Amino acid sequence: MKQVEIRGAGGPEVLHFAEAPRPEAGPGEVLVRVVAASVNRPDVQQRRGLYPPPPDASPIPGLDIAGTVAAVGDGVTRLAVGDPVCALTNGGGYAEYCAVQEGQCMRIPAGLSYIEAASLPEAYFTAWNNVMWRGALAGGETLFVQGGTSGVGMAAIQMARALRGARVFATAGDDEKRQVCRDIGAEEAVDYRGAWDDKIRDLTGGEGVDVILDAQAGPYTQRQLDLLRMDGRVVLIASHQGETAEVNVRQLVRRRLTLTGSTIRPEPAAYKARLARALEAEVWPLLESGAITTRIHQVFAFGDVRDAHGVLDRNEQIGKVVLAVDPAKAETHPVKGQN
């Protein structure tokens, strides 16, 4: 099979195609014939040498895929050969075949194409884990999303509105992106450059917010803590602005604030399976009804993976960038639905 390898750390030029043996489905795994795979920020960080995969993960980039089950390993009971699935992988998605734990595979929502299905796992796993579980967003609370037009940001905005009735605010870098945030449910979106914290404070009548989802950290951290209401939570999913920060600990104690974070990739398969079942139960029906949507920024041929990475390097994307690994099937809808 063909797969993409990272040879050294650097720009898109370090991505190379190679021939490799087709992986086998181990115990509890299924082998997926990949039709489409998303390009995500962790792939870019891995390519740059800033996000090494866990020791037991594939060094091949690619964290979410859609395709059909080609083989099943021992102990697999829920899926069968031929089933269309999307999945959060532990790596290995930039390939024609990928072995994935059965629990991390999800049915493709009715009415969605393989391209659309491939855009879902990483964004929705991350948003659910950090907003709904770690951030414990409750009904009627206020959520502030840093980077509202990333895949994770768009998932978080829509889930918070649809499932919690939350007020949602976001940041984005230009007028088009800010309008997209409003279109999908944000009450307002502001420029991430400058005094975004003062703008959000004004928009909330000086009250601040309950939960903040952030991938910047560094000098943003204390500004975000200052923006929280009593019992508020800042949830970090990356540290693009810096891996250290000086924070007012007394403020954490007196105002009962929570500063937390997570990364899903090292979590055990059982934890990821719990996330997958939650998404299928709570979010997939909303995707099927159209109450929540996924936005595809651009689809690239598998051979144009370097160009796809360039879009993320330049921060041009609004929504997801997807690779059509099997272009003959990528746009087809494997599950009939009402959309």
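For the single chain, residues carry numbers from 1 onward in sequence order. Just so it is clear, the structure is predicted and the values come from calculations on it, not from any experiment.
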Item to check | Asp191: partners by side-chain hydrogen bond (donor to acceptor under 3.5 Å, both in side chains), with sequence neighbours left out | outcome: Arg193

Next on the checklist: Hydrophobic clustering (ILVMFWY, side-chain heavy atoms < 4.5 Å, transitive) - are Phe300 and Val4 grouped together?
Outcome noted: yes

Next on the checklist: Using side chain to side chain donor-acceptor pair (under 3.5 Å), reason through Ser262 and Arg134 one step at a time and then give a plain yes or no.
Outcome noted: CA-CA 8 Å; Ser262 76; Arg134 299 200 69 83; 4.6 Å; no

Item to check | Over all atoms of both residues, closest heavy-atom pair of Asp64 and Pro121 | outcome: CB-CB, 3.5 Å

Next on the checklist: Applying side-chain contact (heavy atoms from CB on, under 4.5 Å) to Tyr192 and Gln216, what does each step give before you reach the verdict?
Outcome noted: CA-CA 11 Å; Tyr192 64 80; Gln216 303 306 316; over 6 Å; no

Checklist entry - Do Val234 and Phe144 have side chains that get closer than 4.5 Å, going by heavy atoms? => result no

Checklist entry - Where the side chain of Arg265 meets the backbone of Asn90, is there a donor-acceptor pair that is under 3.5 Å apart? => result yes

Checklist entry - Should Leu63 and Leu275 be counted in the same cluster of Ile, Leu, Val, Met, Phe, Trp and Tyr side chains packed under 4.5 Å apart? => result no

Checklist entry - Any donor-acceptor pair under 3.5 Å linking the side chain of Lys2 with the backbone of Val325? => result no

Next on the checklist: Ignoring hydrogens, what is the shortest heavy-atom contact between Arg78 and Gly103? Give both atom names and the distance.
Outcome noted: NH2-CA, 4.1 Å

Next on the checklist: Are Leu259 and Val235 packed together at the side-chain level, in the sense that at least one heavy-atom pair is separated by less than 4.5 angstrom?
Outcome noted: no

Item to check | Worked verdict on Leu120 versus Thr294 for side-chain contact (heavy atoms from CB on, under 4.5 Å) | outcome: CA-CA 7 Å; Leu120 301 176; Thr294 183; 3.9 Å; yes

Next on the checklist: Is any side-chain heavy atom of Met106 closer than 4.5 Å to one of Val85?
Outcome noted: no

Item to check | CA sep, side-chain torsions, deciding dist, call: Gln179, Asp175, side chain to side chain donor-acceptor pair (under 3.5 Å) | outcome: CA-CA 6 Å; Gln179 186 57 51; Asp175 289 340; over 6 Å; no

Next on the checklist: Looking at every non-hydrogen atom in both residues, tell me the closest pair between Gly93 and Cys98 and how far apart they are.
Outcome noted: N-SG, 4.2 Å

Checklist entry - Do Arg254 and Met230 come close enough that some side-chain heavy atom pair is under 4.5 Å? => result no

Checklist entry - What heavy-atom pair brings Gln3 and Ala95 nearest, and what distance separates the two atoms? => result CB-CB, 3.7 Å

Next on the checklist: Are Ile264 and Trp128 linked, directly or through intermediate hydrophobic residues, by side-chain heavy-atom contacts shorter than 4.5 Å (ILVMFWY only)?
Outcome noted: yes

Extract all donor-acceptor atom pairs below 3.5 Å that involve side chains of residues 24-37 and protein atoms in other chains or at least two apart in sequence.
from: Glu29; atom 1: OE1; to: Gly26; atom 2: N; distance (Å): 2.8
from: Arg33; atom 1: NH1; to: Glu96; atom 2: O; distance (Å): 3.4

Item to check | Which atom of Tyr114 lies closest to which atom of Pro84, heavy atoms considered | outcome: OH-CB, 3.9 Å

Checklist entry - Where the side chain of Asp304 meets the backbone of Asp307, is there a donor-acceptor pair that is under 3.5 Å apart? => result no

Checklist entry - Sub-3.5 Å donor-acceptor pair from the side chain of Arg48 to the main-chain atoms of Asp43, do we have one? => result no

Next on the checklist: Measuring only between side-chain heavy atoms, which start at C-beta, is Val283 closer than 4.5 Å to Tyr124?
Outcome noted: yes

Checklist entry - Any ion pair linking Arg306 and Glu13 (charged N to carboxylate O, less than 4.0 Å)? => result no

Checklist entry - Got a donor-acceptor contact below 3.5 angstrom from the Asn130 side chain to the Ala127 backbone? => result no

Which atom pairs, one a donor and one an acceptor, fall under 3.5 Å between side chains of residues 204-211 and the rest of the protein, sequence neighbours left out?
from: Thr204; atom 1: OG1; to: Ile200; atom 2: O; distance (Å): 3.0
from: Thr204; atom 1: OG1; to: Arg201; atom 2: O; distance (Å): 3.1
from: Thr204; atom 1: OG1; to: Gly208; atom 2: N; distance (Å): 2.9
from: Glu207; atom 1: OE1; to: Arg229; atom 2: NH2; distance (Å): 2.7
from: Asp210; atom 1: OD2; to: Thr142; atom 2: N; distance (Å): 2.8
from: Asp210; atom 1: OD2; to: Arg229; atom 2: NH1; distance (Å): 3.0

Checklist entry - For Cys105 and Leu79, which heavy atoms make the closest approach, and how far apart are they? => result CB-CD1, 3.7 Å

Item to check | Trace of the side chain to side chain donor-acceptor pair (under 3.5 Å) decision for Glu267 with Asn129 | outcome: CA-CA 11 Å; Glu267 293 286 355; Asn129 186 53; 5.8 Å; no

Item to check | Candidate pair His333 and Glu116, rule side-chain contact (heavy atoms from CB on, under 4.5 Å), full reasoning | outcome: CA-CA 9 Å; His333 296 69; Glu116 292 167 319; 4.2 Å; yes

Next on the checklist: So does Ala162 get a backbone contact from the side chain of Arg164, meaning a donor-acceptor N/O pair under 3.5 Å?
Outcome noted: no

Checklist entry - Hey, are the side chains of Val305 and His309 touching, using non-hydrogen atoms and a 4.5 Å cut-off? => result yes

Item to check | Any donor-acceptor N/O pair, Thr332 side chain to Pro334 backbone, under 3.5 Å | outcome: no

Next on the checklist: Apply side-chain contact (heavy atoms from CB on, under 4.5 Å) to residues Leu236 and Thr260 and explain how you reach the verdict.
Outcome noted: CA-CA 6 Å; Leu236 302 175; Thr260 186; over 6 Å; no

Item to check | Short side-chain to backbone donor-acceptor contact, Gln104 and Leu88, under 3.5 Å | outcome: yes

Next on the checklist: Glu102: which residues meet the side-chain hydrogen bond (donor to acceptor under 3.5 Å, both in side chains) condition with it, sequence neighbours left out?
Outcome noted: none

Item to check | Ser119 and Ser38: CA distance, side-chain angles, deciding distance, side chain to side chain donor-acceptor pair (under 3.5 Å) verdict | outcome: CA-CA 6 Å; Ser119 75; Ser38 279; 5.5 Å; no

Item to check | ILVMFWY cluster, Val39 and Phe17 together (side-chain gap under 4.5 Å) | outcome: yes

N/O donor to acceptor pairs below 3.5 angstrom from side-chain atoms of residues 145-160, sequence neighbours left out:
from: Gln146; atom 1: OE1; to: Thr171; atom 2: OG1; distance (Å): 2.9
from: Gln146; atom 1: NE2; to: Gln224; atom 2: OE1; distance (Å): 3.1
from: Ser150; atom 1: OG; to: Gly147; atom 2: O; distance (Å): 3.1
from: Ser150; atom 1: OG; to: Gly153; atom 2: N; distance (Å): 2.9
from: Gln158; atom 1: OE1; to: Thr293; atom 2: N; distance (Å): 2.9
from: Gln158; atom 1: NE2; to: Met154; atom 2: O; distance (Å): 3.3
from: Gln158; atom 1: NE2; to: Thr293; atom 2: O; distance (Å): 2.8

Next on the checklist: Applying a strict under-4.5 Å side-chain criterion to I, L, V, M, F, W and Y, I'd like to know whether Ile296 and Leu323 cluster together.
Outcome noted: no

Checklist entry - Under the ring pair (Phe, Tyr, Trp, His ring centres under 6.0 Å) rule, what pairs show up with a residue in residues 271-291, not counting sequence neighbours? => result Trp133-Tyr271

Checklist entry - Any side-chain heavy atom of Gln45 sitting closer than 4.5 Å to one from His240? => result yes

Item to check | Check: Glu282 side chain, Leu279 main-chain N or O, donor-acceptor pair, under 3.5 Å | outcome: no

Checklist entry - Are Arg47 and Pro12 close enough that some pair of their side-chain heavy atoms sits under 4.5 Å apart? => result yes

Checklist entry - Hey, do the aromatic rings of Phe302 and Tyr94 have their centres closer than 6.0 Å? => result no

Item to check | Residue Lys329 excluded, over 12 heavy atoms near NZ under 6.0 Å | outcome: no

Item to check | Glu122 side chain vs Ile65 backbone, donor-acceptor pair below 3.5 Å | outcome: no

